[in-house]
Amino acid sequence: MPEPLLEVEDLRVTFRSRGGAVPAVAGLSFTLHAGEVLGIVGESGSGKSVSMMSLLGLIRNTNCLVEGTARFQGRDLVSMRDGELRALRGKDVAMVFQDPMTSLTPVYTVGWHIAEQIRAHEPVSKAVARRRAITLLEEVGIPDPARRVDDYPHQFSGGMRQRAVIAMALANNPTLLIADEPTTALDVTTQAQILDLLQRLQRDHGSAIVMITHDMGVVSQVADRVLVMYAGRAVEEGPRAEVFRRPSHPYTWGLLGSVPRVGAERQRRLPTIPGSPVSADAVPPGCPFQPRCRYRHDRCAQRPPLEGPGDHVDACWLPQDQRPELRARVDAVAVAAGDPERGAVR
């Protein structure tokens, strides 16, 4: 196997608060190879965005402690100085931020944003940067780009602003693209267009992509591998086909079970995961998912390691040979009753 493009090991992000230290990310490890698409999925508050922003040095301050290692092309991002990170961001590593409505400065044109990104990393004139901005807007599907390049963000719809943000991220052909909820708040037609755009650009430029989302449907379309996060920890990781066909962690079962299926019998109510996501400052000892898990038992008081057969791993104490039967039995009861609570194992 070639050397990983990005290798994150035991990443920990802790915030200071009046109540004490709050661990937002607690020991995250993963690898990403060139040209690969990694889908990081989980509910809000699971640490997806914080982990990626910490790698780029975007949350460095006296109240935040980032520990661990994150080697990108052999260089450790965590220990890298601010000046080195500024030279890296937008050139070798680019990020599509979660909210396109607030990612663009309203007093500058869309074309200025893209040209500024180019000129920050390449010694080119304003005219050359503008021409490239027009080309990038055309690549991401903005109609009449030669005219729209001089429009302001408020003159773009939400989907068009998302495309403009993607054009900014791709302005310097980054080796790694981090897309944080790139389809949030978009209608389903625009979502499909954005996903097609990311896949096409990934093929054309050969960039690796980290796709951050809470939408399992998005992950199923674009990811090569899937990393499921809960309470700042990885609870399952593996190839996309393995995770979707043979999910092994109860939290992943809940995420997949909450997705409506086309052609399935209509239910009185959609299945949900019981309870609410655990707060970062109130993570229980042992398995963090145990307060919401239908299968919790005494051993869950100890934290399970992330392990498993081959490259499909999970952090759960349930015996591997019992998991398919348990998941199938509970799913069958929930579907028959149309009520997820009746599917719970008492």
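Just the heavy atoms: all of them, side chains too, but no hydrogens, waters or symmetry mates, feed the values below. All values reported here derive from a predicted model rather than from experimental measurement.
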I'd like to know if the side chain of [X] pairs up with that of [Y] as donor and acceptor (distance under 3.5 Å, no hydrogens or angles considered).
| X | Y | answer |
| --- | --- | --- |
| S248 | Q320 | no |
| Q290 | H297 | no |
| D180 | S49 | yes |
| R148 | Q155 | no |
| S279 | D281 | yes |

Next item on the list: Indicate, with yes or no, if the rings of Y295 and W253 have centres closer together than 6.0 Å.
Entry: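 Distance test on ring centres: under 6.0 Å, yes.
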
Item checked: Check: R240 side chain, S220 main-chain N or O, donor-acceptor pair, under 3.5 Å ->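 Yes, because the side chain of R240 sits within donor-acceptor range (under 3.5 Å) of the backbone of S220.
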
Note to self: Using the side chain to side chain contact (heavy atoms under 4.5 Å, CB included) criterion, which residues pair with R130? Sequence neighbours excluded.
What the structure shows: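 If we apply the side chain to side chain contact (heavy atoms under 4.5 Å, CB included) test to R130, skipping adjacent residues, the hits are I134, V149, D150.
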
For the residue pair [X] and [Y], what are the closest heavy atoms and their distance?
| X | Y | answer |
| --- | --- | --- |
| C316 | P304 | N-CB, 3.8 Å |
| P277 | S44 | CB-O, 4.2 Å |
| E43 | L255 | CG-CD2, 4.3 Å |
| R233 | P288 | CD-CG, 3.9 Å |
| P106 | Y152 | O-CD2, 3.5 Å |

Note to self: Could you go through R323 and D321, starting from their C-alpha distance and side-chain angles, then the distance that decides it, and tell me whether this counts as salt bridge (Lys or Arg N to Asp or Glu O under 4.0 Å)?
What the structure shows: CA-CA 6 Å; R323 297 186 199 186; D321 58 348; over 6 Å; no

Checklist line | CG/N61: more than 12 non-hydrogen atoms of other groups inside 6.0 Å | finding: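 For N61, atom CG is crowded (more than 12 foreign heavy atoms under 6.0 Å).
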
Check: Do any pairs count as a side chain to side chain donor-acceptor pair (under 3.5 Å) and have a residue in residues 115-127, sequence neighbours left out, and if so which ones?
Finding: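 Pairs touching residues 115-127 that pass the test: E122-R132.
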
Notebook entry, point to check: Quick one: side chain to side chain donor-acceptor pair (under 3.5 Å) pairs with a partner in residues 164-174, sequence neighbours left out?
Noted result: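 Residue pairs passing side chain to side chain donor-acceptor pair (under 3.5 Å), neighbours aside: N173-H205.
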
Note to self: Under the criterion side-chain hydrogen bond (donor to acceptor under 3.5 Å, both in side chains), I'd like the reasoning laid out for T31 against E7: C-alpha separation, chi angles, the key distance, then a yes or no.
What the structure shows: CA-CA 4 Å; T31 58; E7 188 173 11; over 6 Å; no

Next item on the list: Go through the steps to decide whether Q322 and L318 satisfy the test side chain to side chain contact (heavy atoms under 4.5 Å, CB included), and finish with yes or no.
Entry: CA-CA 7 Å; Q322 295 181 18; L318 286 174; 5.7 Å; no

Note to self: Please determine whether side chain to side chain contact (heavy atoms under 4.5 Å, CB included) holds for the pair S54 and L11, giving the CA-CA distance in whole Å, both sets of side-chain angles, and the decisive distance to 0.1 Å.
What the structure shows: CA-CA 9 Å; S54 67; L11 178 67; 3.9 Å; yes

Next item on the list: List the steps, then state whether side chain to side chain contact (heavy atoms under 4.5 Å, CB included) holds for H33 with L5.
Entry: CA-CA 5 Å; H33 290 85; L5 177 68; 5.7 Å; no

Cluster check [X], [Y]: I/L/V/M/F/W/Y, side chain < 4.5 angstrom:
| X | Y | value |
| --- | --- | --- |
| V96 | L85 | no |
| V93 | I166 | no |
| I178 | V222 | no |
| V50 | V283 | no |

Next item on the list: Please name the residue in the list T252, V41, V219 that meets the side-chain contact (heavy atoms from CB on, under 4.5 Å) test with V243.
Entry: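 Among T252, V41, V219, the one meeting side-chain contact (heavy atoms from CB on, under 4.5 Å) with V243 is T252.
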
Check: Stepwise, does the salt bridge (Lys or Arg N to Asp or Glu O under 4.0 Å) test hold for D82 with R89?
Finding: CA-CA 10 Å; D82 289 341; R89 290 193 299 255; over 6 Å; no

Checklist line | side-chain hydrogen bond (donor to acceptor under 3.5 Å, both in side chains) assessment of T69 paired with D76 | finding: CA-CA 6 Å; T69 59; D76 184 21; 5.2 Å; no

Notebook entry, point to check: Taking it one step at a time, do V8 and F30 satisfy side chain to side chain contact (heavy atoms under 4.5 Å, CB included)?
Noted result: CA-CA 5 Å; V8 177; F30 67 88; 3.6 Å; yes

